[in-house]
Amino acid sequence: IIKEYERAVVFRLGRIQADKAKGPGLILVLPCIDVFVKVDLRTVTCNIPPQEILTRDSVTTQVDGVVYYRIYSAVSAVANVNDVHQATFLLAQTTLRNVFGTQTLSQILAGREEIAHSIQTLLDDATKLWGIQVAQVEIKDVRIPGQLQRSMAAEAEATREARARLRYLQTLTTVATEKNSTIVFPLPTNVLEGMGGISYNNHKKVPNRT
């Protein structure tokens with residue numbers, strides 16, 4: 001008895017019967033002559049462990065993901081590959097490393113969905129002969145070295161501060177254009193000393209020592 005989500009590939013004296021899988025339901029096999037292999041047609045979740053990758057701009061990263069696939073041809077999955085699930089798992093690892101190795105770090109961080117779609121297309125094309133259909137590929141995490149994370153955070157903070165100063169100056173320009181007004185900037189005395197050589201001590205009277 002073959003379940004609804006299973007198919008049976010029957011070999012009679014070494015040959016596949018009717019060139020297609022049987023089931024679901026009740027199937028008849030001849031003892032000592034027929035041998036059958038059950039194949040599960042449900043979607044399989046393949047978890048790709050973290051892969052250490054050197055990007056195109058020479059940054060070491062670790063990337064992991066998930067691949068969702070299913071068997072659509074039980075005969076191809078049995079007759080064309082020894083272990084279809086192991087082969088798909090290893091191919092997913094290799095394809096992930098190869099695709100991410102051709103991208104820069106900025107491309108990886110900004111285009112994870114496009115990269116995942118590219119990996120899915122490559123896997124689907126490569127596994128058609130195995131009776132596999134790749135439904136989806138998801139990139140779970142991209143890990144970069146801690147020192148690089150701190151550098152990127154500092155750069156982002158500097159960029160935000162520069163944009164804030166630019167918006168402030170644009171606001172002042174708009175106000176000055178619309179209305180004839182005077183804008184006063186509070187500055188510390190040490191800045192004035194550096195700009196014009198003005199010093200508070202210079203204004204003090206020095207006693208005449210003669």
Side-chain angles (χ1 to χ4, degrees), residues 1-56 60-105 107-144:
I1 297 177
I2 305 301
K3 298 178 182 179
E4 182 66 33
Y5 54 82
E6 293 178 336
R7 296 296 183 271
V9 181
V10 180
F11 293 86
R12 178 166 297 171
L13 299 177
R15 293 180 177 274
I16 297 177
Q17 290 298 298
D19 293 332
K20 64 179 181 179
K22 296 185 178 181
L26 181 66
I27 65 171
L28 300 177
V29 293
L30 300 178
C32 303
I33 296 177
D34 292 345
V35 176
F36 69 95
V37 179
K38 286 184 180 181
V39 178
D40 196 326
L41 302 183
R42 291 176 294 182
T43 299
V44 179
T45 303
C46 177
N47 186 25
I48 304 176
Q51 304 292 306
E52 189 168 344
I53 298 168
L54 184 64
T55 62
R56 195 174 66 182
T60 302
T61 60
Q62 284 190 343
V63 182
D64 56 357
V66 182
V67 178
Y68 301 92
Y69 67 92
R70 69 178 187 88
I71 297 175
Y72 70 89
S73 174
V75 173
S76 298
V78 173
N80 293 345
V81 61
N82 182 25
D83 188 340
V84 65
H85 297 293
Q86 180 69 8
T88 304
F89 172 70
L90 295 177
L91 182 62
Q93 288 185 355
T94 305
T95 305
L96 185 141
R97 287 197 299 267
N98 291 341
V99 172
F100 274 92
T102 61
Q103 307 290 323
T104 63
L105 181 60
Q107 291 174 338
I108 292 174
L109 297 178
R112 293 170 61 172
E113 294 184 0
E114 291 78 6
I115 296 174
H117 182 70
S118 176
I119 294 174
Q120 175 184 345
T121 302
L122 293 174
L123 284 176
D124 195 40
D125 293 340
T127 56
K128 283 183 179 179
L129 294 177
W130 304 344
I132 294 290
Q133 180 182 6
V134 179
Q136 191 173 357
V137 176
E138 293 289 343
I139 304 302
K140 294 196 300 183
D141 193 13
V142 178
R143 301 182 182 91
I144 58 178

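Just so you know, these numbers come straight off a predicted model, no measurement behind them. Values below: all heavy atoms of this structure, side chains included; hydrogens, waters and symmetry mates excluded.
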* Can you measure from CZ (R12) to CD1 (I33) and round to the nearest 0.5 angstrom? => 7.0 Å

* Heavy-atom distance under 4.5 Å between the side chains of T104 and T55, does that happen here? -> no

* Determine, step by step, whether Y69 and T43 satisfy the side-chain contact (heavy atoms from CB on, under 4.5 Å) criterion, reporting the C-alpha distance in whole Å, the side-chain angles of both residues, the deciding distance to 0.1 Å, and the verdict. => CA-CA 5 Å; Y69 67 92; T43 299; over 6 Å; no

* How about I71 and H85: do any of their side-chain heavy atoms sit closer than 4.5 Å? -> yes

* **Atom pair CG (D19) and CD (Q17), whose distance is rounded to the nearest 0.5 Å** => 9.0 Å

* Asked: Does a side-chain heavy-atom distance below 4.5 Å link F36 with V9?
  -> no

* Kindly check if the number of other-residue, nucleotide or ligand heavy atoms within 6.0 Å of CG (N82) is above 12? => no

* To do: Could you tell me whether the side chain of Q136 and the main chain of V134 form a donor-acceptor pair under 3.5 Å?
  => no

* Student check: side-chain heavy atoms of I2 and K22 closer than 4.5 Å -> no

* **Separation between CG of N98 and CD1 of I119, rounded to the nearest 0.5 Å** => 9.5 Å

* Asked: Okay, side chain of R112, backbone of K140: is any donor-acceptor separation there less than 3.5 Å?
  -> yes

* Asked: Residues two or more places apart in sequence or in another chain: which of them pass ring-ring contact (aromatic ring centres under 6.0 Å, His included) with F100?
  -> none

* For the side chain of T102 and the backbone of V99, is there at least one donor-acceptor N/O pair under 3.5 Å apart? -> yes

* To the nearest 0.5 Å, what is the distance between CD1 (I139) and CD (E114)? -> 11.5 Å

* Asked: Does D64 reach the main-chain N or O of D141 with its side chain, forming a donor-acceptor pair under 3.5 Å?
  -> yes

* Asked: Between A87 and V81, which heavy-atom pair has the shortest distance, and what is it?
  -> CB-CG2, 3.9 Å

* To do: Write down the atom of K3, the atom of P24, and the distance for their closest heavy-atom approach.
  => O-CB, 3.2 Å

* **I1 atom CD1, over 12 foreign heavy atoms within 6.0 Å** => no

* Nearest-0.5 Å distance, CZ of residue R7 to CG of residue D40 -> 10.5 Å

* Considering all heavy atoms, the nearest F89-N47 contact -> CE1-O, 3.5 Å

* Taking all heavy atoms of I16 and all of A79, pick out the closest pair and write down the distance. => CD1-CB, 4.1 Å

* Asked: Does Y68 use its side chain to pair, donor to acceptor, with the backbone of E138 at less than 3.5 Å?
  -> no

* Asked: Applying the side chain to side chain contact (heavy atoms under 4.5 Å, CB included) test to L123, which of I132, T88, L96, L91 qualifies?
  -> L91

* Shortest non-hydrogen contact from E52 to R97? -> O-CD, 4.4 Å

* So, the side chain of D124 versus the backbone of Q120: is there a donor-acceptor pair under 3.5 Å, distance only? -> no

* **Minimal non-hydrogen separation, A74 against A21, with atom names** => CB-CB, 3.9 Å

* Gap separating the CG atom of L109 from the CD1 atom of I144, nearest 0.5 angstrom -> 6.0 Å

